[in-house]
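First the structure, in the form of structure tokens, and then the observations on it.
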Amino acid sequence: MAYWLMKSEPKDVSVDDLAAMPEATVGWYGVRNYQARNFMRDLMRPRDGVLFYHSSCAEPGVVGLAEVVGAPYPDPTQFEAGNKYFDGKATPEVPRWYQVDVRLVRKTRLLSLAEIRQHPDLQDMRLLARGNRLSITPVTPAEWRVISALLAA
DNA sequence: GCCAACGTTGGC
DNA sequence: GCCAACGTTGGC
């Protein structure tokens, strides 16, 4: 069992959008960074815990608890000509980009980036590492426990 | 809109 | 394999 933080721009898919989807589940399309892809393709397992994070918005932070559903599979948008995520070097025979499905377990209060930054037990989060730009980062079990407690209903 | 930081591309 | 140029991320 592993834990992850996954960033989504709310103008693209917000936590409310996710809650409204069938089974509150979304295919995590559009990742075009190899390290983030490898996390999904090689390391994620069903039931892994996910912190759903809003980025590039007025109030960045964790806004929901989610989980990985099913096995990784090729991101369909890489094959769609005209799609912003189209990749001409990818083929269905040799896909380049993968995704997993993510299901919202429950929406939470906003745990803002500012609050994460000031929490003594969260200083080492990969999210906060200098220059980090990854849209998917690992979360340690200890960090998960701290955040779960902060978000307890 | 700015800009720091980092990843990717492609010529050599 | 090097590295300059360019593109992207994402907080502010």
Side-chain angles (χ1 to χ4, degrees), chain A residues 2-21 24-44 48-68 72-140 142-144 146-151:
Chain A
Y3 303 96
W4 310 93
L5 181 145
M6 300 176 79
K7 296 179 182 176
S8 180
E9 300 189 15
K11 67 167 104 82
D12 186 6
V13 180
S14 73
V15 66
D16 289 326
D17 294 334
L18 177 53
M21 287 181 185
T25 299
V26 66
W28 208 266
Y29 64 91
V31 168
R32 294 293 180 270
N33 169 282
Y34 288 103
Q35 206 173 344
R37 177 204 69 180
N38 293 348
F39 287 147
M40 289 197 289
R41 190 190 61 181
D42 304 334
L43 297 179
M44 284 191 184
D48 276 2
V50 172
L51 302 173
F52 187 90
Y53 180 97
H54 279 172
S55 68
S56 292
C57 59
E59 293 186 302
V62 175
V63 290
L65 298 174
E67 66 180 3
V68 175
Y73 57 98
D75 177 344
T77 62
Q78 69 191 304
F79 309 127
E80 296 170 7
N83 190 296
K84 72 181 279 201
Y85 295 117
F86 176 72
D87 184 340
K89 293 180 180 165
T91 66
E93 293 71 31
V94 186
R96 178 175 290 192
W97 305 109
Y98 285 79
Q99 65 183 38
V100 296
D101 286 346
V102 173
R103 183 181 76 85
L104 182 68
V105 174
R106 70 179 172 88
K107 189 176 168 181
T108 64
R109 73 170 175 91
L110 170 70
L111 174 63
S112 70
L113 177 60
E115 186 175 349
I116 293 171
R117 278 220 170 95
Q118 75 182 32
H119 196 292
D121 296 334
L122 299 177
Q123 294 308 297
D124 294 332
M125 282 192 75
R126 182 80 171 271
L127 170 73
L128 302 182
R130 179 177 159 278
N132 171 64
R133 292 187 316 165
L134 278 178
S135 62
I136 301 175
T137 51
V139 172
T140 68
E143 290 160 354
W144 179 269
V146 170
I147 291 174
S148 295
L150 290 172
L151 296 177

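For the numbers below, each heavy atom of this structure counts, side chains included, while hydrogens, waters and symmetry mates do not. Chain naming here is simple, since letters A, B, ... match the order of the sequence lines and numbering starts at 1 in each. Keep in mind it's a predicted model, so treat the numbers as computed, not measured.
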Exercise for the section: Could you check whether A:Arg32 gets within reach of a base, just the sugar-phosphate, or nothing at all, counting any heavy atom under 4.0 Å? Expected result: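 Nothing, no nucleic acid heavy atom in range.
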Exercise for the section: Return the minimal non-hydrogen interatomic distance between A:Leu51 and A:Trp144, and the atom names on each side. Expected result: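 That would be CD2-CZ3, 3.5 Å.
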Exercise for the section: List the atom of A:Trp97, the atom of A:Gln78, and the distance in Å for their closest heavy-atom pair. Expected result: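 Residues A:Trp97 and A:Gln78, closest heavy atoms: O-NE2, 2.7 Å.
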Does any part of the side chain of [Y], heavy atoms only, come nearer than 4.5 Å to the side chain of [X], both counted from C-beta?
X	Y	answer
A:Pro76	A:Gln99	yes
A:Leu134	A:Gln35	yes
A:Val31	A:Asp75	no

Problem - Of residues 87-102 of chain A, the positions that come close to DNA chain C - non-hydrogen atoms, cut-off under 4.0 Å - result: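 Nothing qualifies; none.
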Exercise for the section: Describe, in one word, how the ring planes of A:Phe52 and A:Trp28 are oriented to each other, choosing from parallel (under 30°), tilted (30 to 60°) and perpendicular (over 60°). Expected result: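 Perpendicular, since the angle between the ring planes exceeds 60°.
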Exercise for the section: Could you tell me how the ring of A:Tyr29 sits relative to the ring of A:Tyr85: parallel (under 30°), tilted (30 to 60°) or perpendicular (over 60°)? Expected result: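 Perpendicular.
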Practice task
Would you mind listing every side chain to side chain donor-acceptor pair (under 3.5 Å) that reaches into residues 56-68 of chain A, with sequence neighbours excluded?
Solution key: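 Counting only pairs at least two positions apart or across chains, the side chain to side chain donor-acceptor pair (under 3.5 Å) contacts touching residues 56-68 of chain A are A:Arg47-A:Glu67, A:Glu67-A:Arg103.
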Problem - Along DNA chain C, first and last positions that approach a heavy atom of chain A under 4.0 Å - result: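 Contact span on the strand: C:dG7 to C:dC12.
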